[in-house]
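Reading through the structure tokens given below for one structure.
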Amino acid sequence: MIADRVPDPRLRIDPADLGLAPLSRVFFRRDTIAVARGLLGAWISRRWRGRWYGARIVETEAYLGPKDRAAHSWNGRRTPRVEPMYADGGHLYVFFVYGMHSCANVVTRPAGIAEAVLLRAAEGPDGAPPRLLSGPGKLCAALGITTRESGLDLLSRGPVRVFRRRGRPRAVGVSPRIGVDYAGEAAKWPLRFFDRESAAVSGGKTR
DNA sequence: CACATGATCGCCT
DNA sequence: GGCGATCATGTGG
């Protein structure tokens, strides 16, 4: 059985009340590292049964396509699972790992260039447990995102959207990516970005 | 605190 | 048939 797809009620938000506007296609088509950094502070949001749920992104990782051994599109790999990575910037790519977890990515660059940003951690609204979304699997579980949502366009006014941040993080940390030790040289690339002031960041903050 | 391990299954070789 | 862009729990220091 695939992970729960019901969002955690403690993540209820009202995008209108928060005064949030969606990020644009142009934003997502930019350089992948710029998008990974730019997503810190943005709100990943999910509509389910007419209600909205959301959290502020505090940790991301960039995956740089065919030249990046850690990326699912490494060496030009193009299978049904990875196909959404080849879509236009602003699409969602969700994959299933370890038999129990979903991980959500935002696709970057124009169509045909298979790069993406993994959403690793987020903070819920006031009142939500600080570590409810502290990890890519937990983030998806808390927002009810599964592979059924893979391939969705974040800009089609659909059930998954990303809203612009209101405040840039004061201090951004950088480190190698987590869990990609098999990727040779690419495992050392400094492609993980996080808000140093957030308690929701997964794993160690240093390196 | 730092490891080590088990759970669990779709995907690719 | 092997393994992973993970997580929770358990052990030992």
Side-chain angles (χ1 to χ4, degrees), chain A residues 1-8 11 28 32-33 35-37 39-40 44 55 57-87 91-109 113-124 128-152 160 162 173-194 198-207:
Chain A
M1 173 154 108
I2 262 180
D4 210 344
R5 62 190 149 69
V6 182
D8 190 297
L11 299 184
F28 292 114
T32 301
I33 291 175
V35 175
R37 286 177 168 278
L39 280 173
L40 297 177
I44 171 75
I57 298 166
V58 296
E59 181 185 354
T60 61
E61 282 177 356
Y63 285 84
L64 305 183
K67 63 176 182 283
D68 179 0
R69 196 166 190 132
H72 289 169
S73 52
W74 175 67
N75 202 25
R77 186 149 149 268
R78 188 164 190 166
T79 64
R81 177 180 71 144
V82 190
E83 187 61 27
M85 281 192 76
Y86 290 81
H91 281 74
L92 192 65
Y93 166 51
V94 185
F95 63 94
F96 185 64
V97 274
Y98 299 116
M100 54 181 76
H101 299 295
S102 298
C103 296
N105 296 255
V106 171
V107 174
T108 60
R109 313 294 305 274
I113 301 178
E115 302 190 13
V117 173
L118 172 68
L119 305 181
R120 282 200 59 91
E123 308 178 323
R131 301 187 63 80
L132 182 63
L133 310 99
S134 65
K138 294 170 73 178
L139 185 153
C140 280
L143 287 168
I145 294 174
T146 70
T147 54
R148 292 164 56 115
E149 279 69 56
S150 192
L152 288 183
V160 182
V162 179
V174 182
S175 85
R177 294 169 293 183
I178 307 286
V180 297
D181 295 341
Y182 58 85
E185 272 304 303
K188 302 174 189 167
W189 296 351
L191 296 178
R192 170 174 174 254
F193 306 94
F194 54 92
S198 174
V201 169
S202 71
K205 294 191 182 186
T206 54
R207 240 182 304 184

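Sequence lines set the chain letters: A, B, ... in the order given, protein chains first and strands last, and positions in each chain run from 1.
- Going from atom CH2 of A:Trp74 over to atom C1' of C:dG4 covers 15 Å, rounded to whole Å.
- Between the side chain of A:Arg192 and the main chain of A:Ile178, no donor-acceptor pair closer than 3.5 Å is present.
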Distances for protein N or O near nucleotides 11-13 of chain B N or O, under 3.5 Å:
| unit_1 | atom_1 | unit_2 | atom_2 | d |
| --- | --- | --- | --- | --- |
| B:dC12 | OP1 | A:Thr79 | OG1 | 2.1 |

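- Remark: P of C:dC7 and CZ of A:Arg120 are 7 Å apart, rounded to the nearest angstrom.
- Looking at DNA chain C, the stems built from 3 or more consecutive Watson-Crick or G-U wobble pairs, each pair with its key distances under 3.5 Å, are B:1-7 with C:6-12, B:9-12 with C:1-4.
- Closest non-hydrogen pair, A:Leu118 versus A:Cys103, comes out as CD1-CB, 3.9 Å.
- Looking only at distances, no side-chain donor or acceptor of A:Asn105 sits under 3.5 Å from a matching main-chain atom of A:Ala116.
- Taking 4.0 angstrom as the limit, A:Arg69 places none of its side-chain polar atoms (N or O) nearer than this to OP1 or OP2 of C:dA5.
- At B:dG6, none of the side-chain N or O atoms of A:Tyr98 fall inside 4.0 Å of OP1 or OP2 (strictly under the cut-off).
- Both tests pass for A:Arg78 against the ring of A:Tyr86: distance under 6.0 Å to the centre and angle within 45° of the axis.
- Here the P atom of nucleotide C:dA5 and the NZ atom of A:Lys188 are 19 Å apart, to the nearest Å.
- Atom C1' of nucleotide C:dC7 and atom CG of A:Leu139 are separated by 14 Å, given to the nearest angstrom.
- Side-chain N or O atoms of A:Lys138 include one that pairs as donor or acceptor with a backbone N or O of A:Arg131 at under 3.5 Å.
- Ring centroid separation for the pair A:His101 and A:Phe96 does not come in under the 6.0 Å cut-off.
- Between the side chain of A:Asp68 and the backbone N or O of A:Ala70, at least one donor-acceptor pair lies under 3.5 Å.
- Summarising the geometry, the separation between NZ on A:Lys138 and P on C:dC7 is reported as 7 Å, rounded to the nearest angstrom.
- Here C:dC3 presents its P atom at 19 Å from NE2 of A:His101, a figure rounded to the nearest Å.
- A:Arg37 contributes no side-chain N or O that, together with a main-chain N or O of A:Phe193, makes up a donor-acceptor pair within less than 3.5 Å.
- What separates OH of A:Tyr182 from P of C:dG4 is a distance of 7 Å, to the nearest Å.
- Using modelled atom types, one side-chain atom of A:Ser73 and one backbone atom of A:Ala114 make a donor-acceptor pair closer than 3.5 Å.
- To the nearest angstrom, P of B:dG10 lies 16 Å from CZ of A:Phe95.
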